[in-house]
Asks: 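To start, I am sharing the structure in question, which I have written as structure tokens.
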Amino acid sequence: MTIETLGYYLDRALFGMIRLLNHTLAGSGLDLKHSQFTVLEALSVKNGISQTELSKILGKDPAAISRTLDYLEKKNYIVRESANGSRNRVLLTDKGKEIVPKLKEIADKVTEIGFTGFRESKKAETMKSLTKIYHNTSLQ
């Protein structure tokens, strides 16, 4: 069976990257899955954002983000602080900040494997194309 749609190819690529990331995380001794990894990665770029903003940035359901944050909080990678009443700011703990370089190393390794056989110019073009697809399909 051959499915010739952009969504199919994007979904397959995403599935492969997630599977490889989870495998690499497990092999590194970090008890994390891709959903927790992406939250920590986002916080390493923009620490102290709200759960709502984190949900929007990652394109994830607020309930899924809440469950992920519960797990990361139990592992002492993040803390949630009240800000403006009911909104929580999510902050990396010292332990969370400590693993960020390892996470970046893993992300680079997984990305490099995903881009095996690509020339540097094609890598940049692919990332630009994926970003354009995202912006073209984002609901305003």
Asks: To the nearest 0.5 Å, what is the distance between CZ (Arg19) and OG1 (Thr24)?
Replies: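 Output value for this atom pair is 11.0 Å.
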Asks: Provide the full list of side-chain hydrogen bond (donor to acceptor under 3.5 Å, both in side chains) pairs with a residue in residues 90-104, sequence neighbours left out, each pair given once.
Replies: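 Every pair satisfying side-chain hydrogen bond (donor to acceptor under 3.5 Å, both in side chains) with a residue in residues 90-104: Ser44-Lys104.
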Asks: Can you see whether Gln36 engages Tyr77 through a side-chain donor-acceptor pair at a distance of less than 3.5 angstrom?
Replies: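 Judged by distance alone, the side chains do not pair up.
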Asks: Take Asn88 and Glu81 through the test side chain to side chain contact (heavy atoms under 4.5 Å, CB included) and record every step on the way to the result.
Replies: CA-CA 5 Å; Asn88 284 329; Glu81 293 182 349; over 6 Å; no
Asks: As an exercise, state the distance from CG of Asp31 to NZ of Lys75, rounded to the nearest 0.5 Å.
Replies: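 So the gap between those two atoms works out to 4.0 Å.
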Asks: Looking only at heavy atoms, what is the nearest atom pair of Phe37 and Leu103, with distance?
Replies: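 Closest approach of Phe37 to Leu103: CE1-O, 3.5 Å.
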Asks: Is any side-chain N of the basic residue among Glu112 and Lys123 closer than 4.0 Å to the acidic one's carboxylate O?
Replies: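 Salt bridge flag = yes for Lys123 with Glu112.
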Asks: Which atom names give the shortest non-hydrogen contact between Ser50 and Val90, and what distance separates them?
Replies: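 Where Ser50 meets Val90 most closely, the heavy atoms are C-CG2, 4.5 Å.
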Asks: Between Asn22 (side chain) and His34 (backbone), is there a donor-acceptor pair under 3.5 Å?
Replies: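 Yes.
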Asks: Just verifying a value: how many Å separate Lys56 NZ and Ile65 CD1, rounded to the nearest 0.5 Å?
Replies: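 Answer for the NZ-CD1 pair, Lys56 versus Ile65, is 13.0 Å.
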Asks: Are any of the side-chain nitrogens in Lys122 or Glu125 under 4.0 Å away from the carboxylate oxygens of its partner?
Replies: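 Yes.
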Asks: Using side chain to side chain contact (heavy atoms under 4.5 Å, CB included), reason through Leu72 and Val39 one step at a time and then give a plain yes or no.
Replies: CA-CA 9 Å; Leu72 293 172; Val39 167; 3.7 Å; yes
Asks: Please tell me if the side chains of Ile99 and Leu32 come closer than 4.5 Å, counting only heavy atoms from C-beta onward.
Replies: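 Side chain of Ile99 against side chain of Leu32, heavy atoms only: contact under 4.5 Å found.
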Asks: Taking all non-hydrogen atoms of both residues into account, name the closest pair between Ser55 and Pro62 and its distance.
Replies: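 What the structure gives for the nearest pair is OG-N, 3.5 Å.
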Asks: So, the side chain of Thr111 versus the backbone of Asp108: is there a donor-acceptor pair under 3.5 Å, distance only?
Replies: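 No: the side chain of Thr111 does not pair with the backbone of Asp108.
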Asks: Evaluate the side chain to side chain contact (heavy atoms under 4.5 Å, CB included) criterion for residues Leu43 and Ile49: first the C-alpha distance (whole Å), next the side-chain angles of each, then the deciding distance (0.1 Å), finally the verdict.
Replies: CA-CA 8 Å; Leu43 291 172; Ile49 60 177; 4.0 Å; yes
Asks: Would you say that Leu92 contacts Leu40 through its side chain, given a criterion of any heavy-atom pair below 4.5 Å between the two side chains?
Replies: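 Leu92 reaches Leu40 side chain to side chain.
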Asks: Hey, any chance Ile57 and Ile18 share a hydrophobic cluster, counting ILVMFWY side chains that come within less than 4.5 Å of each other, even indirectly?
Replies: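 Ile57 does not cluster with Ile18.
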Asks: Holding to ring-ring contact (aromatic ring centres under 6.0 Å, His included), I want the full list of residues that pass it with Phe118, two or more places apart in sequence or in another chain.
Replies: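 ring-ring contact (aromatic ring centres under 6.0 Å, His included) list for Phe118, sorted by chain: Phe115.
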Asks: Provide the closest heavy-atom pair for Met17 versus Gly114 in the form atom of the first, atom of the second, distance.
Replies: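 Shortest heavy-atom separation between Met17 and Gly114 comes out as SD-CA, 4.1 Å.
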Asks: In the hydrophobic clustering that connects Ile, Leu, Val, Met, Phe, Trp and Tyr at side-chain heavy-atom distances below 4.5 Å, which members other than Leu6 occupy its cluster, ordered by chain and number?
Replies: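 Besides Leu6, the cluster holds Leu10, Leu130, Ile133.
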Asks: Going through the distances and angles, do Asp70 and Arg80 end up as a side chain to side chain contact (heavy atoms under 4.5 Å, CB included)?
Replies: CA-CA 9 Å; Asp70 288 345; Arg80 290 181 262 198; 2.4 Å; yes
Asks: Using the rule that Ile, Leu, Val, Met, Phe, Trp and Tyr join whenever any side-chain heavy atoms are under 4.5 Å apart, tell me whether Leu91 and Tyr71 fall into a single cluster.
Replies: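 Hydrophobic grouping puts Leu91 apart from Tyr71.
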Asks: With rounding to the nearest 0.5 angstrom, report the CG to NZ distance, Leu21 to Lys33.
Replies: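 That separation rounds to 10.0 Å.
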Asks: Do Leu30 and Ile106 make a side-chain contact, defined as non-hydrogen atoms from C-beta onward lying under 4.5 Å apart?
Replies: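 Side-chain contact under 4.5 Å: yes.
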Asks: Mind listing the closest non-hydrogen atom pair of Ala107 and Glu41 along with its distance?
Replies: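 Nearest heavy atoms, Ala107 then Glu41: CB-OE2, 4.0 Å.
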Asks: Does the pair Asp61/Arg67 count as a salt bridge with the N-to-O cut at 4.0 Å?
Replies: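 No.
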Asks: Identify the two heavy atoms, one from Leu69 and one from Ile78, that lie closest to each other, and give their separation to 0.1 Å.
Replies: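 That would be O-CD1, 3.6 Å.
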